[in-house]
Amino acid sequence: MSLSEDERLHLLHQASILDTPPTEEFDAIVRLACSVFDMPMAAVSFVDGHRQWFKAEHGLFLKETPREHSFCSHIVQTELPLVIENAEKDSRFSGNTFVRERSVRFYAGVPLSEGGTCYGSLCVLDTKNRRFGDRDIEQLRSLASVVVGLIREHRQQSLLREQQRELELKQARFEQTERSAKVGGFEMDLDTGTIIWSDQIYRTVGLPVGKRMTSEEVIGCYAPEERESVRRRIRDVLDGSAAGIDREYRIVTPEGQERWVRVVSDIERLSGKPSRLFGIVQDVSEKVLYEQRLLQAANADPLTGLANRAAYNAHMERLTAADAPSIGLLLIDVDRLKQVNDILGHATGDLLLKGVASCVDERLGKRGKVFRLGGDEFSVILDAPASLRRMGSLARHLIEYIGRPLEVGGSMINPAITVGGAISEGKMDAATLSQNADFALYHAKETRRGSYVHYEPSLRSRIARRIQIIREVESALTEHRMVPHYQPIVGCADGRVWAFEALVRMQRSDGSIMSAAQFHEAFTDPSVAHHITTRMLEQVATDIRSWIDRGLEFGRVGLNISASDFMRGDLETRIVAAFASRGIPLDKLVLEVTETVFLQGLEDAVATILQRLRKKGLTVALDDFGTGYASLTHLRSLPVDIIKIDKSFIDTMLVDESSLAIVELVLNLARKLDMKVTAEGVESHRQAMCLLEMGCTTLQGYLFGKPMGREHVCEYLMRKTGATENGDRPQEEPRRLLG
């Protein structure tokens, strides 16, 4: 049923949003609307009695207008979307101020409705005639649903602030009431059963003053769980076995209102026989509710509303003390929260935490209880007897569900969590169970961030191995035993060397060489990864200088960069310093990054750094393409010059139609985006021929050369070109790769 205008305005004012300052969340919506629909103007408009007021606007440069000049007023009246494709020829709006003075020709808006209340509209406008189909309306509705969510959150925040003020006021009143409280008196004749109440007791229990009461009617005033104990007390009083009491009870008024009373009573005896029960009743509802709020506050996280660490510790102690069977514990770490806080601000970080908390609580349902332990860590205690299969399934579901892209504070974030789990065995205490889950979480964060690891005793040996490898790598860095090996990248059409990729290798003390795959655990340590990149930059720059001085045509050199290199904020400085000190232009360097670097919740920051480097001549390659997330959609915005198709697709493209289709798709897409393509892992002439026919730019793989030390690069280049040490080369046409 539609609301009257007075009812609608009342609910609009109750939302407490009119005339509030601008906020980034609402501003982000109108900017997004302009971007999505390619419009110059958009607004979040609330329609009051005599005006329309803009909570957020882009391109209008207004805060409010009279209601009669409002397109949005029509939406409030009809509660339906409104599309005007040519306002100048629409008799309803041709005389409108926006049409005459601001040359608005197109308008599209949808209602901002909640529970039958239309507050206003989300709209987009243009100064030229436009078409706006059903799909566009649905997209605008989707954005409007986000606005309604923001309105709801704004109202809830206002209510919370009001409740906080009310709580403080009630506390002050309570302290005053304690000093001057009025209490009611009662008595009961134990011979006749006659009950006498003062007026205050009638008011407390919600009954008409003066109503005649029986013992059963008195019992009926108490809450159901209290009645049997009260009945038993009256029986004990009558047979002389009871004594006076001083305790609190819960009562329920006839209107269903819950109250708490303190009853203090005693028994008068005549000749040793109980003759009269008398005492006082005090309404202590406010005190009890205040104590309950204090208890809740002590056990609740103020940001997310979840139970906090104190509640977690108490719950775990209760379960383990009661010998609950198979207690399942999941510890959840929100990945990259510090980077979000540092780059996007703590307000955005708080919104991210609230979003994760809401998702975990929603997905868990009645299967257990969620706690926020502090910072970026949450825990889940499962109620039912836990099993390895169910816990793994739940953890993976949470990781997938929370990992969906999320717009927070105007920025697109890819939330991610890492989960560690453990199950109690036998009479395991709470501390041991928590330590086991924490151990699993630590291992997951260090080796498989973004995944789930379940505790098992062998984790200790794995972590010991990781620590040993990190120590070996740190020692190799100190002793200058981390060296680059170079794998050639050749032109697909003529076989000429187009570039080299620098791959890190560790030289053992006995002279043997370890590939990066053999010490990959070390890269999970941000400090070690940072130092490896620094060492590689220095050595690659030195080698490039040597090759330039010898007149060798090596093209350029690709170097892999990890997420850790971007988090320090000094990547650009390190690159420029290493190359400038040797007089090498940056167009000799290709930075190879994987999709996961862009999708660490830092996409904008990474893109900004790469764009600055590209302006200085550096080239960017997207490595291992096809193995990450949402690759195609990100290619539009990422600053990438080269796509490197992952080896897994090249390996199978001659026998697997889906792999071949993916390779063709990438090549066609790159051609349209004016990007080059390098196929990785080419090991046969058939693969090379197929890629040549499909128009691939460059090839890399064992067919053209394995990774080689710097001392072999010169030999390789001279062998490929036929040049000698003095730079002479035969006068002949360049040999084509495939005939």
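Remember, predicted model here, so these are calculated numbers, not experimental data.
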- Note on the structure: Separation between CD1 (Ile643) and CG (Asp623), nearest 0.5 Å, reads 12.0 Å
- Pi-cation contact, Phe371 with Lys369 (under 6.0 Å, within 45°): yes
- Message: To check you understand the geometry: which heavy-atom pair defines the closest contact between Ala28 and Glu407, and what is its length?
- Response: CB-OE2, 4.2 Å
- Message: So, taking the atom named OG1 in Thr418 and the one named CZ in Arg449, what distance separates them when rounded to the nearest 0.5 Å?
- Response: 5.0 Å
- Note on the structure: Gln435 meets the side chain to side chain donor-acceptor pair (under 3.5 Å) criterion, sequence neighbours left out, with none
- Would one find more than 12 heavy atoms of other residues, nucleotides or ligands at under 6.0 Å from atom NE2 of His530? yes
- What residues form a salt bridge (Lys or Arg N to Asp or Glu O under 4.0 Å) with Arg614, not counting sequence neighbours? Asp641
- Charged N-O contact under 4.0 Å between Glu683 and Lys647: yes
- Task: Tell me, with the steps shown, if Arg556 and Thr619 meet side chain to side chain donor-acceptor pair (under 3.5 Å).
- Result: CA-CA 9 Å; Arg556 58 189 73 187; Thr619 302; 2.7 Å; yes
- Option passing side-chain contact (heavy atoms from CB on, under 4.5 Å) with Met316 (candidates Ser379, Ser434, Ser424): Ser434
- Message: Does Glu711, at its CD atom, have more than 12 non-hydrogen atoms belonging to other residues, nucleotides or ligands within less than 6.0 Å?
- Response: yes
- Item | Those residues that, when tested against Tyr452, pass ring pair (Phe, Tyr, Trp, His ring centres under 6.0 Å) (two or more places apart) | none
- Item | Arg612, CZ: over 12 other non-hydrogen atoms inside 6.0 angstrom | yes
- Item | For the student: nearest non-hydrogen atoms of Val590 and Ala621, plus distance | CG1-CB, 3.8 Å
- Please round to the nearest 0.5 Å and tell me the distance separating atom CD1 of Ile662 and atom CG of Leu669. 13.0 Å
- Task: Taking salt bridge (Lys or Arg N to Asp or Glu O under 4.0 Å) as the test, write out the residues that go with Glu538, two or more places apart.
- Result: Arg582
- Message: If the condition is side chain to side chain donor-acceptor pair (under 3.5 Å), which residues does Thr652 pass it with, not counting sequence neighbours?
- Response: Ser659
- Item | Atom pair CZ (Phe649) and CG (Asp624), whose distance is rounded to the nearest 0.5 Å | 10.0 Å
- Message: According to ring pair (Phe, Tyr, Trp, His ring centres under 6.0 Å), does anything in residues 534-561 pair up with another residue at least two apart or in another chain? List the pairs.
- Response: Tyr486-Trp547, Trp547-Phe554
- Chi angles and distances behind the side chain to side chain contact (heavy atoms under 4.5 Å, CB included) call for Ile532, Met482: CA-CA 7 Å; Ile532 289 175; Met482 300 300 294; 4.3 Å; yes
- Does Leu441 reach the side chain of Val453, with side-chain heavy atoms less than 4.5 Å apart? no
- Message: Keeping Arg535 on the side-chain end and Leu477 on the backbone end, is there a donor-acceptor pair under 3.5 Å?
- Response: yes
- Note on the structure: CD (Glu400) and CZ (Arg363) are apart, to the nearest 0.5 Å, by 10.0 Å
- Cys492 side, atom SG; Ile489 side, atom CD1 - distance, nearest 0.5 Å: 13.0 Å
- Query: Looking at Leu344 and Thr348, what are the two nearest heavy atoms and their distance?
  - Reply: O-OG1, 3.2 Å
- Would you find a donor on one side and an acceptor on the other, under 3.5 Å apart, between the side chain of Arg481 and the backbone of Gln507? yes
- Task: Determine yes or no for a side-chain-to-main-chain donor-acceptor pair under 3.5 angstrom, with Ser512 supplying the side chain and Arg508 the backbone.
- Result: no
- Query: What heavy-atom pair brings Pro405 and Asn414 nearest, and what distance separates the two atoms?
  - Reply: CG-ND2, 3.6 Å
- Assess whether side chain to side chain contact (heavy atoms under 4.5 Å, CB included) is satisfied between Leu586 and Phe579, documenting all intermediate values. CA-CA 7 Å; Leu586 283 185; Phe579 276 63; 3.8 Å; yes
- pair Val682-Leu691: side-chain heavy atoms closer than 4.5 Å: yes
- Decide yes or no on side chain to side chain contact (heavy atoms under 4.5 Å, CB included) for Arg545 and Ile548, but give the supporting numbers first. CA-CA 5 Å; Arg545 181 70 265 169; Ile548 292 175; 3.1 Å; yes
- Message: The criterion is ring pair (Phe, Tyr, Trp, His ring centres under 6.0 Å); which residues satisfy it with Tyr442, sequence neighbours excluded?
- Response: none
- Item | Val490 side chain reached by Leu703 side chain, heavy atoms, under 4.5 Å | no
- Message: For a 4.5 angstrom cut-off between non-hydrogen side-chain atoms, does Pro415 reach Leu352?
- Response: yes
- How would you list, by chain and number, every residue that makes a ring pair (Phe, Tyr, Trp, His ring centres under 6.0 Å) with Phe439, sequence neighbours excluded? none
- Task: Could you pull out the closest heavy-atom pair between His480 and Val483, with the gap in Å?
- Result: O-CG1, 4.4 Å
- Determine, for Lys354 against Asp350, whether the closest basic-nitrogen to carboxylate-oxygen distance falls under 4.0 angstrom. no
- Are any of the side-chain heavy atoms of Ile423 and Ile327 separated by less than 4.5 Å? no
- Under the side-chain contact (heavy atoms from CB on, under 4.5 Å) test, residues paired with Thr533 that sit two or more places apart: Leu537, Ile561, Asp565, Arg574
- Message: Taking side chain to side chain donor-acceptor pair (under 3.5 Å) as the definition, give me every residue that meets it alongside Lys706, ordered by chain and number, with sequence neighbours left out.
- Response: none
- Query: Does CD in Glu479 sit with more than 12 non-hydrogen atoms of other residues, nucleotides or ligands closer than 6.0 Å?
  - Reply: yes
- Taking Ser581 for its side chain and Ala577 for its backbone only, find out whether a donor-acceptor pair lies under 3.5 Å. yes
- Message: Closer than 4.0 angstrom, basic N to acidic O: yes or no for Lys644 and Glu680?
- Response: yes
- Gln687 vs Asp651, side chain to side chain donor-acceptor pair (under 3.5 Å): CA-CA, chis, key distance, verdict: CA-CA 8 Å; Gln687 291 172 336; Asp651 284 344; 4.6 Å; no
Return all side-chain donor-acceptor pairs below 3.5 angstrom for residues 671-678, not counting sequence neighbours, or 'none' if the list is empty.
{"from": "Arg671", "atom 1": "NH1", "to": "Asn668", "atom 2": "OD1", "distance (Å)": "2.8"}
{"from": "Arg671", "atom 1": "NH2", "to": "Met694", "atom 2": "O", "distance (Å)": "3.1"}
{"from": "Thr678", "atom 1": "OG1", "to": "Thr698", "atom 2": "OG1", "distance (Å)": "2.5"}

- With distance as the sole criterion, is a donor-acceptor pair present between the side chains of Asp549 and Ser546 under 3.5 Å? no
- Task: Check side chain to side chain donor-acceptor pair (under 3.5 Å) between Glu472 and all other residues, then give those that pass, not counting sequence neighbours.
- Result: none
- Over all heavy atoms of both residues, which pair between Phe519 and Met514 is shortest? Give the atoms and the distance, please. CE2-O, 3.6 Å
- Message: Do Ile544 and Phe500 have side chains that approach each other closer than 4.5 Å (heavy atoms only, starting at C-beta)?
- Response: no
- Message: Pair Met428, Asn436 - check side chain to side chain contact (heavy atoms under 4.5 Å, CB included), show working.
- Response: CA-CA 11 Å; Met428 181 179 290; Asn436 288 349; 3.8 Å; yes
